[in-house]
Participant: 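Okay, here's the structure, questions in a sec.
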Amino acid sequence: MVAEHEFLKALYAAFNARDLEAALAGMHVDVVWANGMDGGTVQGRNAVRGYWTRQWRLIDPRVEPQRFTDENGGTLVEVHQVVRDLEGGLVADQMVRHHFRFEKGLVKTFEIR
């Protein structure tokens with residue numbers, strides 16, 4: 001599972017760099033992704049692309065993985081999340097938990113716990 005941890009670190013880095021294509025390349029075509037802004041989920045790479053594009057027009061989130069635990073057939077990541085508004089004001093600074101499941105080496109599901 002260590003390879004998956006390194007894989008996820010690279011996806012978090014791509015997200016923080018706003019390298020959309022690199023981040024999406026790590027996802028299954030039919031990925032099911034938690035929508036942390038509105039609730040529910042989005043499905044598929046194109047839906048995640050739209051979700052993130054919209055998110056980045058409204059806020060500036062940064063996520064830094066702190067600890068990885070393998071559980072329930074997936075990987076739980078404890079993440080330090082800092083969210084700022086577009087003027088740089090702090091909106092949130094907190095620890096969150098993300099859970100990933102993989103299929104054929106790609107992220108198949110993402111949940112916020």
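Heavy-atom basis, side chains included; hydrogens, waters and symmetry copies ignored.
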Participant: Could you see if Phe15 belongs to whatever hydrophobic cluster contains Leu58? Use Ile, Leu, Val, Met, Phe, Trp, Tyr and a side-chain cutoff under 4.5 Å.
Facilitator: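 They do share one cluster, since a chain of ILVMFWY contacts under 4.5 Å joins Phe15 to Leu58.
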
Participant: Measure across Ala14 and Ala22 and return the closest heavy-atom pair with its distance rounded to 0.1 Å.
Facilitator: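 Where Ala14 meets Ala22 most closely, the heavy atoms are CB-CB, 3.9 Å.
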
Participant: Would you check, one step at a time, whether the test side-chain contact (heavy atoms from CB on, under 4.5 Å) holds for Leu76 with Arg97?
Facilitator: CA-CA 7 Å; Leu76 181 68; Arg97 298 170 67 185; 2.8 Å; yes

Participant: Quick check: does any side chain N or O of Arg101 sit under 3.5 Å from a backbone N or O of Asn72, one acting as donor and the other as acceptor?
Facilitator: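 Confirmed, Arg101 side chain pairs with Asn72 backbone.
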
Participant: Is there a side-chain contact (heavy atoms from CB on, under 4.5 Å) between Val82 and Glu64 once you walk through the steps?
Facilitator: CA-CA 9 Å; Val82 176; Glu64 297 293 337; over 6 Å; no

Participant: So Asp93 and Gln81, side-chain hydrogen bond (donor to acceptor under 3.5 Å, both in side chains) or not? Walk me through it.
Facilitator: CA-CA 6 Å; Asp93 184 343; Gln81 173 180 279; over 6 Å; no

Participant: If you compare all heavy atoms of Arg45 against all heavy atoms of Leu24, which two are closest, and at what distance to 0.1 Å?
Facilitator: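 Of all heavy-atom pairs spanning Arg45 and Leu24, the closest is NE-O, 3.2 Å.
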
Participant: Please find the pair of heavy atoms, one from Pro65 and one from Lys9, that lie closest to each other, and give the distance.
Facilitator: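 Looks like CG-CG, 4.4 Å.
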
Participant: Enter the distance from Arg54:CZ to Asn35:CG here, rounded to the nearest 0.5 Å.
Facilitator: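 That separation rounds to 7.0 Å.
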
Participant: What are the two closest non-hydrogen atoms of Phe7 and Gly105, and how far apart are they?
Facilitator: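 Closest heavy-atom pair between Phe7 and Gly105: CZ-O, 3.7 Å.
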
Participant: Any side-chain heavy atom of Leu8 within less than 4.5 Å of one from Thr75?
Facilitator: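 Leu8 vs Thr75: side chains touch.
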
Participant: Nearest 0.5 Å please: distance from the NE2 atom of His98 over to the CZ atom of Arg113.
Facilitator: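 Here the rounded value is 11.5 Å.
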
Participant: What's the spacing between Asp60 CG and Leu86 CG if we round to 0.5 Å?
Facilitator: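 Those atoms lie 7.0 Å apart.
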
Participant: Using a distance-only test with no angle check, is there a side-chain donor-acceptor pair under 3.5 angstrom linking His80 and Gln66?
Facilitator: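 No, because no side-chain N or O of His80 sits under 3.5 Å from a partner of the opposite role on Gln66.
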
Participant: Could you measure the distance from the CD1 atom of Ile112 to the OG1 atom of Thr41? Nearest 0.5 Å is fine.
Facilitator: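 OG1 of Thr41 is found 11.0 Å from CD1 of Ile112.
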
Participant: Fit a plane to each ring of Phe68 and His5, take the angle between them on a 0 to 90° scale, and name the class: parallel (under 30°), tilted (30 to 60°) or perpendicular (over 60°).
Facilitator: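 Correct class here is parallel.
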
Participant: Are Val77 and Tyr12 close enough that some pair of their side-chain heavy atoms sits under 4.5 Å apart?
Facilitator: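 In contact.
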
Participant: Taking the side chain as every heavy atom from C-beta outward, state whether Gln94 and Val96 have any pair of such atoms under 4.5 Å apart.
Facilitator: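 The answer is yes; the side chains approach within 4.5 Å.
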
Participant: Does the plane of the ring in Phe100 sit parallel, tilted or perpendicular to the ring in Phe110? Use 30° and 60° as the thresholds.
Facilitator: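 Correct class here is tilted.
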
Participant: So which atom in Arg18 and which in Pro61 form the shortest heavy-atom distance, rounded to 0.1 Å?
Facilitator: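 Scanning both residues, the minimum pair turns out to be NH2-O, 2.8 Å.
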
Participant: Working to the nearest 0.5 Å, report the span between CD of Glu78 and CZ of Arg67.
Facilitator: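 Glu78 CD to Arg67 CZ: 4.0 Å, rounded to 0.5 Å.
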
Participant: Do Glu21 and Asp19 come close enough that some side-chain heavy atom pair is under 4.5 Å?
Facilitator: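 Result yes, sub-4.5 Å side-chain heavy-atom pair found.
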
Participant: Any side-chain heavy atom of Tyr51 within less than 4.5 Å of one from Trp56?
Facilitator: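 No, every pair of side-chain atoms sits at 4.5 Å or beyond.
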
Participant: So do Met27 and Val48 actually touch side chain to side chain, heavy atoms under 4.5 Å?
Facilitator: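 They are in contact (side-chain heavy atoms under 4.5 Å apart), so the answer is yes.
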
Participant: Report yes if some heavy atom in the side chain of Arg84 is under 4.5 Å from a heavy atom in the side chain of Val91; otherwise report no.
Facilitator: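 Of all side-chain heavy-atom pairs linking Val91 with Arg84, none is under 4.5 Å.
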
Participant: Minimum heavy-atom separation for Ala47 to Val42, with atom names?
Facilitator: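 Looking at all heavy atoms of both residues, the closest pair is CB-CB, 3.8 Å.
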
Participant: Are Phe102 and Glu4 close enough that some pair of their side-chain heavy atoms sits under 4.5 Å apart?
Facilitator: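 SC-SC contact between Phe102 and Glu4 confirmed.
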
Participant: Among Val31, Val32, Asp30, whose side chain to side chain contact (heavy atoms under 4.5 Å, CB included) with Lys108 holds?
Facilitator: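 Option passing the side chain to side chain contact (heavy atoms under 4.5 Å, CB included) with Lys108: Asp30.
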
